[in-house]
2 protein chains.
Amino acid sequence: MISPVMVTTSAFAETAALIGDPARANMLAALMNGRALTAKELAEAAGVTPQTASGHLAQLTGAGLLAMARQGRHRYHRLASPAVAHMLETIMSVAAGGAPGSGRTKSLRVGPRDAALRRARTCYNHLAGRLAVAMADRMTERGHIELSLDGGVITEHGTNFLQGLGVNLKADTAGPGRSAGGRVFCRPCLDWSERRPHIAGVLGTALCTVCLTQGWIRRIEGTRAVTVTPMGRTVLDKAFDLRDALD
Amino acid sequence: MISPVMVTTSAFAETAALIGDPARANMLAALMNGRALTAKELAEAAGVTPQTASGHLAQLTGAGLLAMARQGRHRYHRLASPAVAHMLETIMSVAAGGAPGSGRTKSLRVGPRDAALRRARTCYNHLAGRLAVAMADRMTERGHIELSLDGGVITEHGTNFLQGLGVNLKADTAGPGRSAGGRVFCRPCLDWSERRPHIAGVLGTALCTVCLTQGWIRRIEGTRAVTVTPMGRTVLDKAFDLRDALD
DNA sequence: GAAAGGCTTCGGCAATGGCCGAAGTATTCC
DNA sequence: GGAATACTTCGGCCATTGCCGAAGCCTTTC
């Protein structure tokens, strides 16, 4: 007999099992930069042949974790929704060491690629790493935002500050990131490398978008890491007093 | 050669794989009621023999997902931290059907046990299901809270309301759920059965605690579902105008 | 139209890992 | 002290499933 509760429990396990395979996990991690990649690129990211990758991608798409779009002879795969990205980030956060302060030190921090990731990276559609945590810290210190592990909100002061940077927060009057009262929340996202919250949600997305379009940061191909351009360094240091966050 | 980035990716995949096994997934789901269970109880929940469960529990504990406490000849296992509970809830949310509005209809809703779960259940340390969503809706309508997918906050009005119910929100001046400014946030938690947010975080925990200690709701043994007592029905319907949320 | 590239399906191999029976330790109860 | 209970370790069986080579489909390019 199959209990009705088993149905949902089984979907729960299946989803996790899908993520739990090393090859698929690498594909999903590669897609955490928020962009769509071809099957071949994902095969390379996972370290498997195209035919093996094809099977994995079919499974992930079938389960609703990925969305696929044909374009010529390419097929572009991306995370199906921000909810999926959020889920993956949450798992990464737990995988990176469990509760902060616990004795677990599984994630060794070595190597240049790793260092670049810890310094600054994208987390689906917002920024993460030392850079993002530093930005959140300065904004908190100055009263631009209020942030806790349970939630966050931008103040009037912060709205003005961000608009001065070119972030338009009054574009739409309602959206997933604002309450019925129009208040703009910023979702805290626990940074897996820094173990402290940074800014996600609509606010984090807007901030990341501005940084990219203005050329303050640039994506490093084939990884989630980003570099801060010389211009970006000047602008962001002036705006956020980054101190040694980029060293 | 093992790339340094692979280290973290591997921990990511291992964590997901740990959750992905059906037996372990059932154990974790059973622990989502927030309480500690013995190895035997978890074996029963997973549908495996004690010796098999023992191996699974050792893995989960070793990975930092569970914490264990000896007590006499029993060993009580619980989720290691709220972060783990949050991760599991996020996976359940995605597993229950991907993005809201997507064509996925994998989770059939049948059977009495399932119906009870959808009506009211605990989600680690707060309430979920139709009951919790209805409570959040009423509080939003009345201006007690502001809630969006990105965050939430309790208003002065809401603080008074909850204190009238016996929830003391001014107990400590700082904590994980409040910003440096003392503002009390309530984390939104996407309800996997209702596909709408309900109240989590410190606020959700406090609310759930009051309901349990006052005897308004009671846990159903062996499941995450809770029943609303006759007294609770009276009190909660008066306070929250639950309408048909409990039918 | 032929060639090339991107992607998928099929088939068989191999290894990972979950499962239980049996046996061993630790703790409580009588 | 002996029986009972809770839990763990060990060893071998078996199913699942990830992997790649080969071959086929579809689209673009020349």
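Just so it is clear: chains get the letters A, B, ... in the order the sequence lines come, proteins before strands, and each one is counted from 1.
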- Message: Closer than 4.0 angstrom, basic N to acidic O: yes or no for D191(A) and R118(A)?
- Response: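 Here D191(A) does not pair with R118(A) in a salt bridge, since their nearest N and O are not under 4.0 Å apart.
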- For the pair T209(B) (side chain) and T205(B) (backbone), establish whether a donor and an acceptor sit closer than 3.5 Å, ignoring hydrogens and angles.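 Pair found, side chain donor or acceptor close to backbone of T205(B).
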- Task: Spell out, as yes or no, whether a donor-acceptor pair under 3.5 Å connects the side chain of T38(A) to the backbone of R75(A).
- Result: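 Not confirmed, T38(A) side chain does not pair with R75(A) backbone.
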Nearest-Å distance, [atom1] ([X]) to [atom2] ([N])?
X: N26(A); N: dC19(D); atom1: CG; atom2: P; answer: 10 Å
X: D21(A); N: dT16(D); atom1: CG; atom2: P; answer: 17 Å
X: K40(B); N: dT27(C); atom1: NZ; atom2: P; answer: 18 Å
X: R24(A); N: dT16(D); atom1: CZ; atom2: P; answer: 16 Å
X: H74(B); N: dT8(D); atom1: NE2; atom2: P; answer: 13 Å

- Is the H86(B) ring parallel, tilted or perpendicular to the H86(A) ring (thresholds 30°, 60°)?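 Perpendicular, since the angle between the ring planes exceeds 60°.
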- Heavy atoms from other residues, nucleotides or ligands near CD of Q59(B) exceed 12 (cutoff 6.0 Å):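 Atom CD in Q59(B) is crowded, with more than 12 foreign heavy atoms closer than 6.0 Å.
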- Task: Give me the residues of residues 51-60 of chain A where at least one heavy atom lies under 4.0 Å from an atom of DNA chain D, by number, or none.
- Result: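 Residues of residues 51-60 of chain A that come under 4.0 Å of DNA chain D are, in numerical order, Q51(A), T52(A), H56(A), Q59(A).
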- Query: Which heavy atom of G129(A) sits nearest a heavy atom of E194(A), and at what distance?
  - Reply: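 Heavy-atom minimum between the residues: C-CG, 4.0 Å.
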- Item | I91(B) side chain reached by T90(A) side chain, heavy atoms, under 4.5 Å |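 No, their side chains stay 4.5 Å or more apart.
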- Query: Which pairs count as salt bridge (charged side-chain N to carboxylate O under 4.0 Å, His left out) when at least one residue sits in residues 220-231 of chain A, sequence neighbours excluded?
  - Reply: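 Every salt bridge (charged side-chain N to carboxylate O under 4.0 Å, His left out) pair that includes a residue of residues 220-231 of chain A, provided the two are not neighbours, is R35(A)-E221(A), E89(A)-R224(A).
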- Looking at the side chain of T49(A), which of dG21(D), dC7(D), dT8(C) is the nearest nucleotide?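 Nucleotide nearest to T49(A)'s side chain: dG21(D).
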- Message: Under 4.0 Å, heavy atoms only, any strand: does R70(A) hit a base, just the sugar-phosphate, or nothing?
- Response: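 Answer is nothing: R70(A) stays at 4.0 Å or more from every strand.
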- Message: Does the protein touch nucleotides 24-30 of chain D at the base, only the backbone, or not at all? Give it as B, S and - per nucleotide, heavy atoms under 4.0 Å.
- Response: ---SBS-
